[in-house]
Amino acid sequence: MIGDPSGKSEERNLLSVEQLRANIAGIEPQLRRFLQFDAGPNSAVLVNNYDWMGRFGYLEFLRDVGKHFPVNVMLTKDSVRSRLERTDAGLSYTEFSYMLLQAYDFVQLFDQHGCEVQVGGSDQWGNITAGIDLARRLRGVQLYGMTCPLLTKSDGQKMGKSEAGALWLDPAKTSPYQFYQYWINLDDADVDTCLRFFTDLAEDEIRRVLAEHETDRGRRTAQRRLAAELTRLVHGGEGLAIAERATEIFFGAEIGELTDAQLRGIFADVPSRELPRENLQGGGLPVVEALVAAGLAKSKGEARRTVTQGGAYVNNRRAADLDRRLTPGDFVGGAAIVLRSGKKKYGLLRFV
RNA sequence: GGGGGGUUUCCCGAGCGGUCAAAGGGGUCAGACUGUAAAUCUGAUGGCAAUGCCUUCGCAGGUUCGAAUCCUGCACCCCCCA
């Protein structure tokens, strides 16, 4: 319900209990891909700190927890100091207090689950050490923390979080094909780091892949390996197979040769829409409208620009004419048309 | 409670009565180059039935031939004093 101020330049939105529960419900299935919740005594456990914070009275909290936090120490924490140094944004007492909550959570986890180590991104350092300090004062125990550097791209930006290029683990938000493509497109400069960060390939293997990559970067051996490993991890072998098939179809074979079965196989994975056949009547469907329908342009104006600038393709053939209309004559693999905007953004339209 | 500053198109940030759909930068999209790369260069960047029409400058009113720009009220944010 209360956000962590670290890193963020603005106040967080406060979430309602319902929103939080929905978020938690959404996170759990994703974590299941990476953690075992049913591994006997060492199973992963997902807890909600609302369970112990929710009924904690303000006075009790100040007495039992707040008392142990010297404000002068809190003020020296990077997360707090950076916020105070900004003149355009302040820091509310609520957010300032976040550190106490997270520290207390650590103590609770120790009490309830014997948790002794807290791991997180480096922006969590202050919060983690606050928890270690609190545990020592309250329980007289030594707890531990470990952080890793936040992953940024070679140009300093955070990875996979930009507005347009956000990368989600949920296949409903980022399909296996899109997920795979994200990694295939990764900068050379970032491949090394990502292989080490995200895959559990052995050091030798990573070295070998990178060495091979160096011999001919154009083949992007490293990106391919990275994409394959991660897609399999997140979406399973099935997801990887579909992603590779779609990639092969779009970036390999001739579009004209496709069979309906092939297109059906990747239909759900590539941005796509089904349209009634009537749309093709009366001279055909204007490309501009088709681009919008396929989700390749947000508005007709944008679609028109794409076409005018030579970035629109129908079945991989440039369609630079605004008057270009789609007709059944453009069908490939039955009743589908492959649209493309730019070099690599594909969209599929299927007429029913 | 008092005083000051602020809220502009996706973001930052100019504009301070007409020439404003609104400078500049970022981002984004497209083109060239290339390797579905990076860097660089070029163009585009509110919507639409498009030499025009509609919507946008915190919200609601008002002044005016005309407002993002002036006035009033409201909301929210920031700073300082108490």
Side-chain angles (χ1 to χ4, degrees), chain A residues 5 8-14 82-96 152-167 177-195 209-210 212-228 231 243-253 255 266 270-271 282-283 286-289 291-292 294-314 316 318-324 338-347:
Chain A
K8 274 280 183 181
S9 55
E10 292 169 21
E11 281 274 317
R12 295 294 181 94
N13 293 326
L14 303 180
S82 65
R83 276 289 285 273
L84 292 178
E85 281 168 1
R86 295 174 56 103
T87 53
D88 58 333
L91 178 64
S92 70
Y93 180 70
T94 301
E95 283 209 66
F96 182 57
T152 52
K153 299 214 290 182
S154 51
D155 59 10
Q157 293 185 319
K158 274 188 239 167
M159 249 180 130
K161 295 191 81 169
S162 73
E163 270 310 303
L167 191 65
Y177 165 73
Q178 292 169 313
F179 186 85
Y180 183 84
Q181 281 292 317
Y182 178 89
W183 300 108
I184 283 288
N185 276 294
L186 199 68
D187 296 2
D188 286 352
D190 295 320
V191 171
D192 185 332
T193 317
C194 287
L195 278 170
V209 170
L210 289 174
E212 193 184 335
H213 178 67
E214 280 305 315
T215 63
D216 180 3
R217 295 184 169 202
R219 283 170 54 211
R220 38 185 80 214
T221 318
Q223 279 93 336
R224 281 175 201 287
R225 184 60 184 276
L226 177 67
T231 307
E244 287 182 326
R245 205 182 314 148
T247 296
E248 175 62 23
I249 287 173
F250 287 142
F251 296 96
I255 294 286
I266 63 170
V270 174
V287 228
V288 169
E289 285 180 32
L291 286 169
V292 175
L296 292 177
K298 286 192 285 293
S299 68
K300 285 194 209 172
E302 187 178 310
R304 207 169 288 120
R305 274 204 304 278
T306 306
V307 174
T308 307
Q309 296 179 138
Y313 296 80
V314 175
N316 271 353
R318 181 173 279 180
D321 184 359
L322 280 176
D323 294 327
R324 174 79 154 90
V338 178
L339 293 168
R340 190 177 117 206
S341 164
K343 272 184 286 198
K344 52 202 176 191
K345 275 166 56 190
Y346 280 94

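None of the values given here were measured: they were computed from a predicted structure. In the text below, chain A, chain B and the rest are named by the order of the sequence lines, each starting its count at 1.
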Between [N] and [M], how far apart are the two [atom1] atoms, rounded to whole Å?
| N | M | atom1 | value |
| --- | --- | --- | --- |
| B:U55 | B:A37 | C1' | 40 Å |
| B:C41 | B:C78 | C1' | 41 Å |
| B:U34 | B:U40 | C1' | 12 Å |
| B:G73 | B:A22 | P | 33 Å |
| B:G4 | B:C71 | P | 14 Å |
| B:G13 | B:G18 | P | 24 Å |
| B:A32 | B:A39 | C1' | 14 Å |
| B:U51 | B:G43 | P | 25 Å |

Using atom [atom1] of [X] as one end and atom [atom2] of [N] as the other, report the distance to the nearest whole Å.
| X | N | atom1 | atom2 | value |
| --- | --- | --- | --- | --- |
| A:R318 | B:G31 | CZ | P | 7 Å |
| A:N185 | B:U28 | CG | C1' | 16 Å |
| A:K343 | B:C33 | NZ | P | 9 Å |
| A:W183 | B:G35 | CH2 | P | 24 Å |
| A:I184 | B:U34 | CD1 | P | 21 Å |
| A:K344 | B:G35 | NZ | P | 14 Å |
| A:L322 | B:A49 | CG | P | 12 Å |
| A:H213 | B:G35 | NE2 | C1' | 9 Å |

State which of [options] makes the closest approach to the side chain of [X].
| X | options | answer |
| --- | --- | --- |
| A:Q309 | B:A37, B:C48, B:A30 | B:A30 |
| A:S341 | B:U36, B:A38, B:A30 | B:A30 |
| A:F251 | B:U36, B:G31, B:G35 | B:U36 |
| A:T306 | B:U34, B:A30, B:U36 | B:A30 |
| A:S299 | B:C48, B:A32, B:C29 | B:C48 |
| A:K345 | B:A30, B:G31, B:G35 | B:A30 |
| A:K300 | B:C33, B:G31, B:C48 | B:C48 |

Query raised in the report: What pairs with A:F179 under side chain to side chain contact (heavy atoms under 4.5 Å, CB included), at least two apart in sequence or on another chain?
Result: A:L167, A:L169, A:T174, A:W183, A:L230, A:T231, A:V234, A:H235
Does [Y] offer a backbone N or O that forms a donor-acceptor pair with the side chain of [X] under 3.5 Å?
| X | Y | result |
| --- | --- | --- |
| A:D321 | A:D323 | yes |
| A:R224 | A:R219 | yes |
| A:R220 | A:A222 | no |

Pick base, sugar-phosphate or nothing for [X], based on heavy-atom distances below 4.0 Å to the nucleic acid.
| X | result |
| --- | --- |
| A:T308 | nothing |
| A:R340 | nothing |
| A:G311 | sugar-phosphate |

Kindly indicate whether the side chain of [X] and the base of [N] share any N or O donor-acceptor pair separated by less than 3.5 Å?
| X | N | value |
| --- | --- | --- |
| A:D188 | B:G35 | yes |
| A:E302 | B:U45 | no |
| A:K298 | B:U28 | no |

Report task. Evaluate the criterion side-chain contact (heavy atoms from CB on, under 4.5 Å) for residue pair A:F250 and A:I266; output intermediate values, then yes/no. Result -> CA-CA 10 Å; A:F250 287 142; A:I266 63 170; 4.0 Å; yes
Side chains of [X] and [Y] in contact at under 4.5 Å (non-hydrogen atoms):
| X | Y | value |
| --- | --- | --- |
| A:R324 | A:V288 | no |
| A:R225 | A:V191 | no |
| A:Q178 | A:P271 | yes |

Report summary line: Stems with RNA chain B, 3 or more Watson-Crick or G-U pairs in a row (under 3.5 Å), are B:1-7 with B:75-81, B:10-12 with B:24-26, B:27-32 with B:40-45, B:46-48 with B:52-54, B:58-62 with B:70-74
**Report entry** The single option from A:V338, A:L291, A:V287 passing side chain to side chain contact (heavy atoms under 4.5 Å, CB included) against A:V314
**Finding:** A:V287
Query raised in the report: Start at the 5' end of RNA chain B and walk down; is the nucleotide closest to A:R219 or to A:G301 reached first?
Result: A:R219
